[in-house]
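Note on naming: letters A, B, ... go to the chains in the order of the sequence lines (proteins, then strands), and numbering restarts at 1 for each one.
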Number of protein chains: 2
Amino acid sequence: MNSNEELKNILLDFDLLSKLVVGIGEVSEITGVPTRQIRYWEEKGIIISSKETEGTTRKYDYLNVKKILLIKEQLDDGYTLDAAAKKVEERMKNVNEAFMKLAQRSK
Amino acid sequence: MNSNEELKNILLDFDLLSKLVVGIGEVSEITGVPTRQIRYWEEKGIIISSKETEGTTRKYDYLNVKKILLIKEQLDDGYTLDAAAKKVEERMKNVNEAFMKLAQRSK
DNA sequence: CATCGATTGTAGTTTTGTTACAATATACGT
DNA sequence: ACGTATATTGTAACAAAACTACAATCGATG
């Protein structure tokens, strides 16, 4: 099986991938950021889980988790939370765009 | 930004994607298969969530969800559960392989 | 109609997540 | 040192989601 076929196999369900939303406990395990801290960032408007718009418990998709990881990086680098958030916001533009396009292409 | 760059952007965290494991309720919403039914398939050994190996509550990764979707398809086509499972097992070989390779490549 | 395969229902319990309060810590300017 | 702003953490009381272990149901086939 060649590379294109592999890719297609995944792309076919890229929209499935975008539906994989995990709980806050899982996010904490993946990223190493305590749940309490994640909720705090959310209070500040830096992270927006799917809860804001619907359900009762917070759910995080790939883009959210990615963002949390990036912010953590910046904090470790010595940036303030706001500065980290701003920097990451920029970087996320590219990630978002790429993700969305791939999701779109697979429909 | 060209296609390769987009792809790379995603591939960079393909291992993150593979860590996104969702709860049974979410799987049910995504696939349309009732939680009760998913647990039943698991009893029969057709689906293997992460619970068997670790935690206390079941978690499902992309491959698990994909498998559930495929089994549902086969059932709707009139196959028995065992037959569906067998057929899907074959198809999953390719999906597994592709997924693993992509995850690997991104390290 | 009895049996098998497949699914569904549910009570009672455990795990996970939520809010809303407050406490703590660190840094910075006056 | 003191006050202030930023950032994080703790926790009690409550709500949601998931778990197990029973049992019931339903359709097809011998």
- Below 4.0 angstrom from OP1 or OP2 of C/dT19, is there any side-chain N or O of A/R39? no

- Tell me: CD of B/E29 to P of D/dA16, nearest whole Å? 15 Å

- Message: Is any side-chain heavy atom of A/N96 closer than 4.5 Å to one of A/F99?
- Response: no

- In 5'-to-3' order, the base (B), backbone-only (S) or no-contact (-) status of each nucleotide in nucleotides 6-14 of chain D, using a 4.0 angstrom heavy-atom cut-off, is -BBBBB---

- Query: Looking only at side-chain N and O atoms, does B/T56 come under 4.0 Å of OP1 or OP2 in D/dA18?
  - Reply: no

- Heavy-atom closest pair (A/I48 atom, A/E42 atom, distance to 0.1 Å) is C-OE2, 4.2 Å

- Message: Less than 4.5 Å apart, side chain to side chain, heavy atoms only: is that true for A/D13 and B/V65?
- Response: no

- Task: For side chain to side chain contact (heavy atoms under 4.5 Å, CB included), just list the numbers for B/D76 and B/E73, CA-CA rounded to whole Å, side-chain angles, deciding distance to a tenth of an Å, and then say yes or no.
- Result: CA-CA 5 Å; B/D76 290 346; B/E73 265 183 33; 5.9 Å; no

Tabulate protein N/O versus nucleotide N/O from nucleotides 12-14 of chain C, keeping only pairs under 3.5 Å, one per line.
none

- Message: Five pairs per end, C1' atoms only: what is the angle between the end axes of the helix from C/dC1-D/dG30 to C/dT30-D/dA1, to 10 degrees?
- Response: 10°

- Message: Strictly below 4.0 Å: does A/R58 bring a side-chain N or O up to OP1 or OP2 of C/dG17?
- Response: no

- A/W41 side chain reached by A/L81 side chain, heavy atoms, under 4.5 Å: yes

Tabulated below should be each protein N or O lying under 3.5 Å from an N or O of nucleotides 26-30 of chain C; please produce it.
none

- Task: Tell me whether the OP1 or OP2 atom of D/dA15 has a side-chain N or O from A/T57 closer than 4.0 Å.
- Result: no

Considering only distance and modelled atom types, tabulate donor-acceptor pairs under 3.5 Å from the side chains of residues 18-40 of chain B, sequence neighbours left out.
unit_1 : atom_1 : unit_2 : atom_2 : d
B/S18  : OG     : B/D15  : O      : 2.7
B/S28  : OG     : B/V33  : O      : 2.8
B/T31  : OG1    : B/V27  : O      : 2.8
B/T31  : OG1    : B/V33  : N      : 3.1

- Nearest-0.5 Å distance, CG of residue A/L63 to CG of residue A/D61: 5.0 Å

- Using the side-chain hydrogen bond (donor to acceptor under 3.5 Å, both in side chains) rule, collect all pairs that involve residues 84-93 of chain A, keeping only residues at least two apart or in two chains. A/K67-A/E89, A/Q74-A/K87, A/Y79-A/K87, A/E90-A/K93

- Which atom of B/S49 lies closest to which atom of B/N64, heavy atoms considered: CA-ND2, 4.1 Å

